[in-house]
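Here is the structure we will look at, set down as structure tokens.
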Amino acid sequence: MPELPEVETVRRMLAAHVPGKRVATAAVSRHRLRTQSLAALPKQLEGRAFAEPRRTGKFLFLDLDGGMTLLSHLGMSGRWLFSPAGVDALDEAMPHVHLRLTFEDRSRLWYQDIRRFGMLRVVPLDRLAKDPSVKLLGPDPLEQPPTAESLRACAKGSRVAVKTFLLDQRKLAGIGNIYASEILFRAAIDPRRAAGALSLAEWARVAPEIGAVLGDAVARMGTTFSTYRTIWNEPGQYGEQLLVYDRPGQPCRRCGGEVKRFVQGGRATFWCPACQRGRGNTRKHAQS
DNA sequence: ATCCTATCCTGTAGGC
DNA sequence: TGCCTACAGGATAGGA
């Protein structure tokens, strides 16, 4: 769903269009996200101008003038949708739209979130680092590329499965369920292995694949598995590149064996047992 | 401290 | 055909 590559795609597109634009009107039409009310947003946003948007992991920081930022997380199904001035790209009948921003130049930016798992709140910039959602985030792998040594140190003593480890936003910020499976397949690591049991040589296979997979996915504007769209309401193209995710029962693109699916920590994992042969220290999880 | 499960939400896919 | 249930997974609270 929206993971680092999808959020970075949205950030880049917003960076090309919203900096310098000032909010003329802000209207909330669906008042509740999962954890908070959006009722305060119009007053907090009207009259503010957007600056260059930033990102850490899956979080967007849509900086505003006046020392504030609009903290945004897309959750499962959040979308920022843009319509330039003089263009009618946004449909008033579109369901599940929470927030409608109209800028002084008549361009528009909407937030839509079918499943309401997203997060949207205005935070003073000087308190952003203390925000409960932001303060625990680990390094962003595109900003600070992990090394074999940093990954091994970070995983030291951890008995969770390496797949689950990659999903932990406190360790690395930005990897989600799609790319975790892809990274481990390309690194030829058994996803059930305990993270703390991987050797330096094995982490040396994982580290470059993190950057390669996320970088390729950014270049293709992310993966549209179900609901993700760019600000132009277009799907991402990385789905064509997926090697194991959502391919259970199909032939492995590397060895021709069968891609398998099982559940780890309540999330689907896809892998090729032949290509990702384990070497002991695996964590058992319920199969399904 | 560490790990694990349940929860939120809605559209979609599958079974009968 | 149509209803019903299970399933998908971001973060996080709370329990073991």
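These values consider heavy atoms only, across backbone and side chains, with no hydrogens, waters or symmetry-generated copies. Chain A is the first sequence line, chain B the second, and so forth, proteins listed ahead of strands; every chain is numbered from 1. No experiment lies behind these values; they were computed from the predicted model shown.
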I want to check one thing: is the phosphate of [N], taken as OP1 and OP2, less than 4.0 Å away from some side-chain N or O of [X]?
X: His96(A); N: dC9(B); answer: no
X: Gln169(A); N: dG10(C); answer: no
X: His73(A); N: dA11(C); answer: yes
X: Ser158(A); N: dC3(B); answer: yes

Rounded off to whole Å, could you give me the [atom1]-to-[atom2] distance for the [X] and [N] pair?
X: Arg170(A); N: dA11(C); atom1: CZ; atom2: P; value: 11 Å
X: Leu74(A); N: dC9(B); atom1: CG; atom2: C1'; value: 16 Å
X: Phe117(A); N: dA6(B); atom1: CZ; atom2: C1'; value: 12 Å
X: Phe225(A); N: dG9(C); atom1: CZ; atom2: C1'; value: 10 Å
X: Arg115(A); N: dG10(C); atom1: CZ; atom2: C1'; value: 10 Å
X: Arg116(A); N: dC9(B); atom1: CZ; atom2: C1'; value: 8 Å
X: Gln36(A); N: dT7(B); atom1: CD; atom2: C1'; value: 17 Å
X: Ile178(A); N: dG10(C); atom1: CD1; atom2: P; value: 7 Å

What nucleic acid atoms does [X] come within less than 4.0 Å of, heavy atoms only: base, sugar-phosphate, or nothing?
X: Phe270(A); value: nothing
X: Arg32(A); value: sugar-phosphate
X: Ser133(A); value: sugar-phosphate
X: Arg34(A); value: base

What nucleotide among [options] has an atom nearest to a side-chain atom of [X]?
X: Asn177(A); options: dG11(B), dC3(B), dG9(C); answer: dG9(C)
X: Arg267(A); options: dC9(B), dG10(C), dG11(B); answer: dG10(C)
X: Tyr245(A); options: dC3(B), dA11(C), dG9(C); answer: dG9(C)

The reported gap from CD in Glu52(A) to CG in Leu14(A) (rounded to nearest 0.5 angstrom) is 10.0 Å
So, do Tyr238(A) and Tyr228(A) have ring centers that fall under 6.0 Å from each other? no
Do Phe103(A) and Trp110(A) have ring centres separated by under 6.0 Å? no
Can you tell me if CZ on Arg152(A) sees more than 12 non-hydrogen neighbours from other groups inside 6.0 Å? no
Earlier contact from the 5' end, DNA chain B, for Arg30(A) and Lys171(A): Lys171(A)
Paired with dA1(B) by Watson-Crick or G-U wobble geometry, both distances under 3.5 Å: which nucleotide is it? none
Flag side-chain contact, heavy atom, 4.5 Å: Arg116(A) against His98(A): yes
Could you check whether any side-chain heavy atom of Thr35(A) comes within less than 4.5 Å of a side-chain heavy atom of Phe117(A), counting everything from C-beta outward? no
Residue whose closest nucleotide on DNA chain C lies nearer the 5' end, Met76(A) versus Pro132(A): Met76(A)
